[in-house]
Student: 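My questions will all concern the structure given below.
Convention: sequence-line order gives letters A, B, ...; per-chain numbering from 1.
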2 protein chains.
Amino acid sequence: MAEAVSPQGGQDLLFLTDEQLRKGIEAMFFAYRGFTADPDRILAQKDYGRAHHRAVHFIHRSPGTTVNNLLAILGVTKQSLNRVLRTLISDGLVEVRVGREDKRERHLFLTQAGAALERELSDAQRDRMRTAYRAAGPVAVAGFRQVLEAMMDEDMRRHFQALRDRGPQ
Amino acid sequence: MAEAVSPQGGQDLLFLTDEQLRKGIEAMFFAYRGFTADPDRILAQKDYGRAHHRAVHFIHRSPGTTVNNLLAILGVTKQSLNRVLRTLISDGLVEVRVGREDKRERHLFLTQAGAALERELSDAQRDRMRTAYRAAGPVAVAGFRQVLEAMMDEDMRRHFQALRDRGPQ
DNA sequence: CTTGGAATGTCAACAAGGCTGACGTATTAT
DNA sequence: ATAATACGTCAGCCTTGTTGACATTCCAAG
């Protein structure tokens, strides 16, 4: 009653004030820094960058994916991706196989060394995620995922859901 | 029983599988792209970048903040920040006032033009946030914020909480 | 069989925005 | 007086994004 909460819906709408939204924005900013911090440290030692991590991650997720496919998921230009792929290939972390049906396509796979790097990076990232999940609890995690999914662009949501629904490997 | 769920705690631990954690990681990746997409479009038209957005945002949040303070929040070098601040100052978006108590310090403020840009950017970003919040609902939003906070580095969490608890302005 | 378009690779040039290192200058603290 | 702090700046480097142009290879349609 003393609170500025309208009888119907007031409490439910409180989380939509500019103030609440701003908190969410700042939380996203600070959290993303934490999210990338651990892999970044590992990558720096190996003379790789975030771009390499992303490529390796999604090749691991979708072995045999084509360059075009990866381009769409990563949302960068082919020149940008190519620079990264070139180093990964010449360093023996990624293997390229010319398409059997369509020989224009290049299918990308991780080598053993590539898979090892992927594991090292995602282990570090998962550790932080696990700690955060454990601290927040399952209900919070469900909400977390819901909000993130609602925040994506339409295109990205499609990519995300495709990966999500395909399950492991 | 057919499921690999242990009697006690099994259900609660299900959200900590590598698979679930991976989904969270990918959700963070795709969502962050959406999170920055709208401001990025506005900034591109005005020949500014994300770095300018961040500076303007936190100067708006803490008017009169010092350079050192901003440095700590943004987590970049002074050279990096200085490049951005220089353009904002010469473009008349940020005003610098020499400290009264300690004349070594420079206190940063947004001009009217600076405040206008800040509003344009944060309106765009809040719109997306609001849509996501509304779609997910208040319980999800609470969880979202909890997980993000748990994901931050210790230093960043301190900065976040300081801003959070100071409330509006 | 030719030809258009798709998928890919590659070269060059450029910009934003990180970084390090070094140096200068007030100003404050010891 | 001297040291430390806060800041600015110059120079140079790296990663990762961008455009634009052009070659190749191959599929598919005419």
Student: According to a strict under-4.0 Å criterion, is B:Asn68 in side-chain N/O contact with OP1 or OP2 of D:dC7?
Tutor: yes

Student: Check the distance between D:dT5's P and B:Arg106's CZ and give it to me in whole angstrom.
Tutor: 17 Å

Student: Could you tell me the separation between the CD atom of B:Glu105 and the P atom of D:dG8, rounded to a whole number of Å?
Tutor: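 These atoms are roughly 11 Å apart.
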
Student: Have a look at B:Lys78 and say if it touches a base, only the backbone sugar-phosphate, or nothing, with a 4.0 Å heavy-atom cut-off.
Tutor: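 Result for B:Lys78 = base.
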
Student: Could you give the start and end, 5' to 3', of the contact zone on DNA chain C for chain B, using atoms under 4.0 Å from its heavy atoms?
Tutor: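 Nucleotide range in contact with chain B: C:dG17 to C:dT28.
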
Student: Side chains of B:Arg22 and B:Thr17: do they bring a donor and an acceptor to under 3.5 Å?
Tutor: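 Their side chains do not contain a donor-acceptor pair, so the 3.5 Å distance test is not met.
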
Student: Using a cut-off of strictly less than 4.0 Å, decide whether A:Arg54 has a side-chain nitrogen or oxygen near OP1 or OP2 of D:dG17.
Tutor: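 Yes, because at least one side-chain N or O of A:Arg54 sits under 4.0 Å from OP1 or OP2 of D:dG17.
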
Student: Which one of B:His53, B:Arg128, B:Arg41, B:Arg50 satisfies the side chain to side chain donor-acceptor pair (under 3.5 Å) criterion with B:Thr36?
Tutor: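 For B:Thr36, the side chain to side chain donor-acceptor pair (under 3.5 Å) test succeeds with only one of B:His53, B:Arg128, B:Arg41, B:Arg50, which is B:Arg50.
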
Student: With a non-hydrogen cut-off below 4.0 angstrom, is B:Arg83 in contact with a base, only sugar-phosphate, or nothing?
Tutor: base

Student: Just to be sure I understand the rule, does B:His107 reach a base, reach only the sugar-phosphate, or reach nothing, if contact means heavy atoms closer than 4.0 Å?
Tutor: nothing

Student: Salt-bridged, B:Asp18 to A:Arg126, with N to O below 4.0 Å?
Tutor: yes

Student: In terms of the nearest nucleotide of DNA chain D, which residue is placed more toward the 5' end: A:Asp102 or B:Asp102?
Tutor: B:Asp102

Student: Of B:Val96 and A:Gln79, whose closest DNA chain D nucleotide lies nearer the 5' terminus?
Tutor: B:Val96

Student: Flag the pair B:Glu95 and B:Arg97 as a salt bridge only when some basic side-chain nitrogen lies within less than 4.0 angstrom of an acidic carboxylate oxygen.
Tutor: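 Counted as a salt bridge, because a side-chain N and a carboxylate O are separated by less than 4.0 Å.
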
Student: What integer distance in Å separates B:Asn69:CG from D:dT5:C1'?
Tutor: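 It works out to 15 Å between those atoms.
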
Student: Measure the distance from NZ on B:Lys103 to P on D:dC7 and round it to the nearest whole Å.
Tutor: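 The answer, rounded to whole Å, is 16 Å.
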
Student: Nearest whole Å is fine: how far is D:dA6 C1' from B:Leu85 CG?
Tutor: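 Answer to the nearest Å: 14 Å.
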
Student: Does NZ or CZ of B:Arg54 lie under 6.0 Å from the centre of the six-membered ring of A:Phe29, at an angle within 45° of the ring axis?
Tutor: no

Student: Assess whether a salt bridge exists between B:Arg145 and B:Glu149, defined as any Lys/Arg side-chain N lying under 4.0 Å from an Asp/Glu carboxylate O.
Tutor: no

Student: Report yes or no: do B:His57 and A:Glu26 form a side-chain donor-acceptor pair below 3.5 Å?
Tutor: yes

Student: Provide, to the nearest angstrom, the distance between the CG atom belonging to A:Asn82 and the P atom belonging to D:dT15.
Tutor: 16 Å

